[in-house]
Amino acid sequence: MESETVKVFWIIFWILVATGWSVLSFQWLRKEVEEIRLAQNGQKPHLAGLILRRFVVFILLWLLIYLALRTEPLGAVGMVIAITFSTWIQVIIYNNRLNKSLDRKE
């Protein structure tokens, strides 16, 4: 019974880590995209920095999934599902906000 409790703890832990990582990563990406949008007014956007930062985020995500696999394989599955759903939800919310701001401008 004790080992089942520990497994459930690890699964919940990795789901929470994945959700937090997804939110943090998406906020960084949104900030970077807004900087590119601001740079279009007259200067050339620096995409090399964006690509490098996203690559580092991707490597860190691989590391988190690896650690989840080492502790509890079902935690890694839950982590992937949590990242997917939380990213989808953030994209939908961000898209709705952009559409509302475009409607107000028109």
Side-chain angles (χ1 to χ4, degrees):
M1 187 67 175
E2 181 71 28
S3 67
E4 293 298 319
T5 306
V6 172
K7 285 183 179 182
V8 170
F9 168 76
W10 278 115
I11 292 169
I12 292 171
F13 172 77
W14 286 115
I15 288 172
L16 292 175
V17 167
T19 303
W21 179 255
S22 176
V23 169
L24 184 64
S25 175
F26 191 80
Q27 295 302 318
W28 286 339
L29 179 61
R30 191 180 76 178
K31 180 182 167 191
E32 292 168 354
V33 168
E34 288 173 359
E35 288 175 3
I36 290 173
R37 199 178 290 161
L38 293 174
Q40 289 178 352
N41 291 335
Q43 54 185 337
K44 185 176 178 181
H46 301 284
L47 295 180
L50 170 70
I51 293 170
L52 180 64
R53 285 186 294 265
R54 296 316 298 172
F55 184 72
V56 169
V57 166
F58 197 56
I59 295 294
L60 290 174
L61 178 61
W62 282 352
L63 177 65
L64 286 174
I65 291 174
Y66 173 75
L67 291 174
L69 279 171
R70 299 282 293 170
T71 56
E72 177 58 42
L74 285 178
V77 172
M79 187 176 182
V80 169
I81 292 169
I83 287 174
T84 302
F85 282 127
S86 61
T87 302
W88 284 353
I89 290 169
Q90 291 177 81
V91 167
I92 290 168
I93 291 170
Y94 183 67
N95 188 33
N96 287 339
R97 286 182 185 167
L98 281 178
N99 288 339
K100 285 180 183 178
S101 67
L102 287 175
D103 288 341
R104 289 181 192 160
K105 288 181 181 178
E106 291 177 352

Distance, nearest 0.5 Å, that separates [atom1] of [X] from [atom2] of [Y]:
X: I81; Y: T19; atom1: CD1; atom2: OG1; result: 11.5 Å
X: R30; Y: R97; atom1: CZ; atom2: CZ; result: 6.5 Å
X: L98; Y: I93; atom1: CG; atom2: CD1; result: 12.5 Å
X: L60; Y: S25; atom1: CG; atom2: OG; result: 9.5 Å
X: I51; Y: F55; atom1: CD1; atom2: CZ; result: 11.5 Å

Side chain proximity check, V57 to L29, heavy atoms < 4.5 angstrom: no
L64 meets the side-chain contact (heavy atoms from CB on, under 4.5 Å) criterion, sequence neighbours left out, with W14, V17, W21, M79
Would the F58 and W62 ring centres measure less than 6.0 Å apart? yes
Which residues satisfy the side-chain hydrogen bond (donor to acceptor under 3.5 Å, both in side chains) test with E72, sequence neighbours excluded? none
Assigning hydrophobic clusters by single linkage (Ile, Leu, Val, Met, Phe, Trp, Tyr; side-chain heavy-atom cutoff under 4.5 Å), is L69 placed with I83? yes
Applied to residues 82-91, the side-chain hydrogen bond (donor to acceptor under 3.5 Å, both in side chains) test, sequence neighbours excluded, yields S22-S86, S22-T87, S22-Q90
Taking every heavy atom of A76 against every heavy atom of I65, the minimum-distance pair comes out as CB-O, 4.2 Å
Crowding at OH, Y94 (>12 non-hydrogen neighbours, <6.0 Å): yes
